[in-house]
Amino acid sequence: MLKDSAIMAVLPAKDINRAKDFYRDKLGLEPSETIEDSLMYRCGNGTSFLIYQTDNAGSAKNTQMGWETDNLEREMEELRGRGVTFEDYDFPGLKTENGVSTDSFGKGAWFLDSEGNILNIAQRA
């Protein structure tokens, strides 16, 4: 039943205007729609995500959303140029070097948005 339905990620923001500035200035994204205290963003291949205002933002300790790319290093360089800082991790099963983790899936890098949400970019092997 749901396998043919589009998926939309949903992210929390304590300050919707601060989030809007981050996604515009750091990621180069503009909302396609504003619905009350929520912002809708459209991305590639018909995908989208919604950011909504709530005091619960930044409480998740896991990756909440990610983008797939065909050139991770190029994307990281551009994002770093816009002021994005990539996280370094050293956990069982996840170790990054200069912000990048490499495994059988491919390569991945994580960063935080202005609201403390953990975001990811990944390149498949």
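Sequence positions, counted from 1, serve as the residue numbers for this chain.
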If we only count heavy atoms from C-beta on, is the P31 to Y23 side-chain gap below 4.5 Å? no
Quick one, L112 and I118 - any side-chain contact, counting heavy atoms below 4.5 Å? yes
Verify, without hydrogens or angle tests, whether Q123 (side chain) and L72 (backbone) share a donor-acceptor contact under 3.5 angstrom. yes
Please tell me whether M8 and W67 are part of a single hydrophobic cluster in this structure, the criterion being side-chain heavy atoms less than 4.5 Å apart. no
Only counting residues at least two apart or in another chain, list the ones meeting side chain to side chain donor-acceptor pair (under 3.5 Å) with N71. none
Give, for atom OG1 of T102 and atom NZ of K95, the distance between the pair rounded to the nearest 0.5 Å. 12.0 Å
Taking everything shown except R124 itself, do over 12 heavy atoms lie less than 6.0 Å from its CZ? no
With a 4.0 Å cut-off on N to O distance, would you call D21 and R18 a salt bridge? no
Between M65 and I51, is there a shared hydrophobic cluster once you connect ILVMFWY residues whose side-chain heavy atoms come closer than 4.5 Å? yes
Donor-acceptor contact present, side-chain T96 to main-chain Y89, <3.5 Å: yes
Would you please test N117 and F22 for side-chain contact (heavy atoms from CB on, under 4.5 Å) and show each step? CA-CA 12 Å; N117 297 310; F22 175 87; over 6 Å; no
Heavy atoms only: give me the nearest S101-L94 pair and the separation to one decimal. OG-CD1, 3.4 Å
Rounded to the nearest 0.5 Å, how far does CG of L11 lie from CD of Q64? 6.0 Å
Does one hydrophobic cluster hold both V10 and M40, with members joined at side-chain heavy-atom distances below 4.5 Å? yes
Counting only heavy atoms not in I7 (residues, nucleotides, ligands), do more than 12 fall under 6.0 Å from its CD1? no
Rounded to the nearest 0.5 Å, what's the gap from OH on Y52 to CG on L39? Could you check? 13.0 Å
Among pairs that include at least one residue of residues 28-38, which meet side chain to side chain donor-acceptor pair (under 3.5 Å), considering only residues two or more places apart or in two chains? none
Please report the shortest heavy-atom distance between A19 and E115, naming the atom on each side. N-OE2, 3.7 Å
Identify the heavy atoms of P12 and G58 that sit nearest to each other, and give their distance. CG-N, 4.5 Å
For L119, does its backbone N or O pair with a side-chain atom of D113 as donor and acceptor, under 3.5 Å? no
Just so I know, are the side chains of V100 and M76 near enough to count as touching, which here means a heavy-atom distance under 4.5 Å? yes
Shortest non-hydrogen separation from N98 to D88 and the atoms involved: N-OD1, 3.7 Å
Does either side chain, that of T63 or that of N120, offer a donor lying less than 3.5 Å from an acceptor on the other one? no
Throw together a table of side-chain donor-acceptor distances under 3.5 angstrom for residues 41-50, partners on residues two or more places apart or in other chains.
residue: T47; atom: OG1; partner: G44; partner atom: O; Å: 2.6

Shared ILVMFWY cluster between F111 and L29, side chains joined below 4.5 angstrom? yes
Between the main-chain N or O of D25 and the side-chain N or O of R82, is there a donor-acceptor pair closer than 3.5 Å? yes
What distance do E78 atom CD and R80 atom CZ have between them, rounded to the nearest 0.5 Å? 13.0 Å
Quick one: do K107 and D103 make a salt bridge, cutoff under 4.0 Å? no
OG of S114 to NZ of K26: how many Å apart, nearest 0.5 Å? 10.0 Å
